[in-house]
Asker: 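I have a structure I would like to understand better, so I am pasting it below and will then ask my questions one at a time.
Just follow the structure's listing: the first ligand is 1, and inside any ligand the first atom is 1.
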Amino acid sequence: MANVPQAKYRKDYQRPTHTITDINLTFHLDASVTQVTAVSSVKQQGDDNTLVLDGDNLVLKSVTVNGAEWEHYQESEGHLILTKLPDVFELSIVTTIDPLNNTALEGLYISDGAFCTQCEAEGFRRITYYLDRPDVLARFITTIIADKTRYPYLLSNGNMVEKGQTDDGKHWVTWKDPHPKPAYLFALVAGDFDVLRDQFTTRSGRDVALEIFVDKGNLERSHHAMVSLKNAMKWDEERFGLEYDLDIYMIVAVDFFNMGAMENKGLNVFNSKYVLANDQTATDSDYLGIESVIGHEYFHNWTGNRVTCRDWFQLSLKEGLTVFRDQEFSSDLGSRVVNRIHNVRIIRGPQFAEDASPMSHPIRPEKVIEMNNFYTLTVYEKGSEVIRMIHTLLGEENFQKGMRLYFERHDGTAATCEDFVSAMEDASGVDLAHFRHWYSQSGTPVLDVEGTYNDVEKTYTLKVKQQTNPTVDQPEKCALHIPLDVELYAPDGTIIPLQCNGKKIANVLNIKESEQVFVFDNVESKPVPSLLREFSAPVRLNFSYTDDELSFLIVNATNDFARWDAGQMLLAKHIRSNISRVEKGQDVIWPESIITAFKGVLTNDSLEAAFIAEMLTLPGLSEVFGWYEQIDIDYIDTVLTSLKKTLASELKEAFAQCYQALFLPEYTTDHGSIGKRALKNVCLLYLAYTEDGDALVNEQYRTSNNMTDTIAAMTAANHAELPCREPLMESYSEHWKHDGLVMDKWFILQGSSPSESALSVVKQCMNHDAFSMKNPNRIRSLIGSFMNQNPSQFHKKDGSGYRFALDILKQLNVSNPQVAARLIDPLLKFKHYDVARQELIRSVLEELHTMQGLAKDLYEKVSKALES
Ligand code: B3K
Ligand code: ZN
């Protein structure tokens, strides 16, 4: 690379030299030459009269200061440097941009003929020269001028204040946002849409117009999003006491979008995947995903917009907190235990993997080259676990007190993670001094716990050791403050109250040192401990349970999450021992304890269906992979496939009975029905491996009246490689080939097919009418699933998967580097694979590293991987 991209460090934060209180933007929209006029009121903050603005891909037309042309400026690599400025002035900048050729989908671009924007993190600088940093908060007034017939709707943040016509057949609209905001929350949309309109009255009596804009013809797919939005508005008032603060809330669904959605003030832009749904096109998990993302973006209005981040290193201030809030929203509306299980699977699988990868970083990173690379599972999901631990340590009441204090202190400003923790601490009186290390330390702590029973003293001793292994970014680690939630059970299943020195103590133990011992007294017989209940901290737990103890917990633990966790530990224990057997060339053996335990769960009528479905779902591939420093991926694949087949044949009758009993004639998306379908379809996944599999799967596909059952049948056919797979895939594509969003499900199945021909099929699919290398959803579905969810084919020992990945990454490096940088993740952990694969992957990374014009998104990841 000619210019090596430079990193920024958190420690180097400096206040801006100037502030911008107001900005008036005027857009003359045109697909290839849009003219942007930005008139800002600027004030110098210190003694420096030089102003350095950010800009990227702009054509500068003019600069004026206080109405007069300004000649003291210079454009240099991403900046406009203005000198000799007065203290207070009005700065007017005219630039032009080219939305049509903006394939990176950052700044102003075109999605299916409509103009739309994405400015977080640093996309506003692709619209005009500006202080593009989150601690510069300005009031925005935006005027949009465009052709009336092609762009009947002209939208921006805030409230619409004026509109009119021009003489040449165009129209214009002016929007005013009364809330000062950083540029990353700016949005503009112009196009022709169908609009779903509704209304919400806040509890203080403000009437809010709600509008969802979708592509023409999609109106009937937007109702669930509207219901979710109203539920979110109501929930935030009830649980957090937070109300909406404008007269209008708009959501626009677009097909071309780099991520899920964006919380722009008053005008959210969404990936259509998180808006559009009906019974025929969306699965139950799509419905739940929409509810959670609609909630997430809405909740950002307070945690993100009203209080924003001082700098991008503080991203988890808004993201971790808002994920926590959306998780609570989904849990309050649906099944708490199922939500918790889903979230924990993400932490134990891909998040732990990220902690152990070359991209390892604390939830508040110290060093960043490309900010878009830090919208990670660590910042979001682990960030949310950190908030959840604070919630556990403080309790709901004190936590809400802390939230109120946080808003009292920081509303309308740009804050830091430290500000949040201080508010929690001050409001509750709980000391979080030691806890703060969670913000600065990366990696996954390991808790090694040992239990000893003393029959004479009637005491039970838990010895807890914690340790965090060095990570690529941070060789030294310290002991963290870990809340460890425990319960002890007597052999008859009753709870043994926790007492130390005769005094009752709480279930949550505070682990702060590298080794701590807890002696519980009045324990009449050897107990079975339930540890890390509710996954009270994002750590790996080691405790040598016997099969009997785990089977006991599956039946007797009072907490559903703990029962599920015991099931996962039982599976994990035997998956591990079988992987060792396979490594040594021995046969796989599954003990009776697993079969008995899972049969007990499957036939237990008192359990919620959705919960049984989770009990029967094996740990994910990334989770299993993460148990090892280095592993041949084929061993894991062999063992997991064998386990599925064994459970299928041993529990065939029980699966079949359960499957038949769960037939629902009507499709409804209440949580009870969603749970029943989940369990029915887990049964089908196992039954697919039996001799009746092909007939059952075929029958379900042919008689299905909803997408959940349709996709479940196809998934079963795909994984078990059933004869009906091809005809079903054919039939689906015939039916849905005109609809990219629905075809994504089909592309995922093609990408994750275990068939030997998977790669050549993926290549053929790239010529499918519904596929486009310009659309991130299509790329993620087809190519992302191949690289992430298809270990046997992507990691083929002939290196064909890796060469394909190289080719794709080279293309995306030019057209959409942000998507490229997401896709490359499975290659970064190459050191964890066997030596032969390591060498193949390393050569791919090296080729990228030496490539001319490597975007900084890929550069950051590739160079970290190679240095590691
Ligand atoms: N804040 C946005 C994410 C922006 C990602 C920029 N690469 C969506 C969200 O977390 O709600
Ligand atoms: Zn967010």
Asker: Is there a donor-acceptor contact under 3.5 Å linking the side chains of S292 and S330?
Answerer: no
Asker: Does a side-chain heavy-atom distance below 4.5 Å link T34 with L29?
Answerer: yes
Asker: At the Zn ion (ligand 2), what's the angle from E319 OE1 to H296 NE2, rounded to 10 degrees?
Answerer: 110°
Asker: Just so I know, are the side chains of F329 and N231 near enough to count as touching, which here means a heavy-atom distance under 4.5 Å?
Answerer: yes
Asker: With the criterion set at N/O pairs under 3.5 Å, what does the list of contacts between the protein and ligand 1 look like, atom names and distances included?
Answerer:
| from | atom 1 | to | atom 2 | distance (Å) |
| --- | --- | --- | --- | --- |
| ligand 1 | 1 (N) | E120 | OE1 | 2.6 |
| ligand 1 | 1 (N) | E263 | OE1 | 2.8 |
| ligand 1 | 1 (N) | E263 | OE2 | 3.4 |
| ligand 1 | 1 (N) | K318 | NZ | 3.4 |
| ligand 1 | 1 (N) | E319 | OE2 | 3.1 |
| ligand 1 | 7 (N) | N372 | OD1 | 2.8 |
| ligand 1 | 7 (N) | Q818 | OE1 | 3.4 |
| ligand 1 | 10 (O) | H296 | NE2 | 3.4 |
| ligand 1 | 10 (O) | E319 | OE1 | 3.0 |
| ligand 1 | 10 (O) | E319 | OE2 | 3.1 |
| ligand 1 | 10 (O) | Y380 | OH | 2.4 |
| ligand 1 | 11 (O) | E263 | OE1 | 3.3 |
| ligand 1 | 11 (O) | H296 | NE2 | 3.1 |
| ligand 1 | 11 (O) | E297 | OE1 | 2.8 |
| ligand 1 | 11 (O) | E297 | OE2 | 2.8 |
| ligand 1 | 11 (O) | H300 | NE2 | 3.2 |

Asker: For the rings on Y249 and Y244, is their centre-to-centre separation under 6.0 Å?
Answerer: yes
Asker: Is the centre of the F399 ring less than 6.0 Å from the centre of the F324 ring?
Answerer: yes
Asker: When rounded to the nearest 0.5 angstrom, what is the spacing between NZ in K181 and SG in C119?
Answerer: 10.0 Å
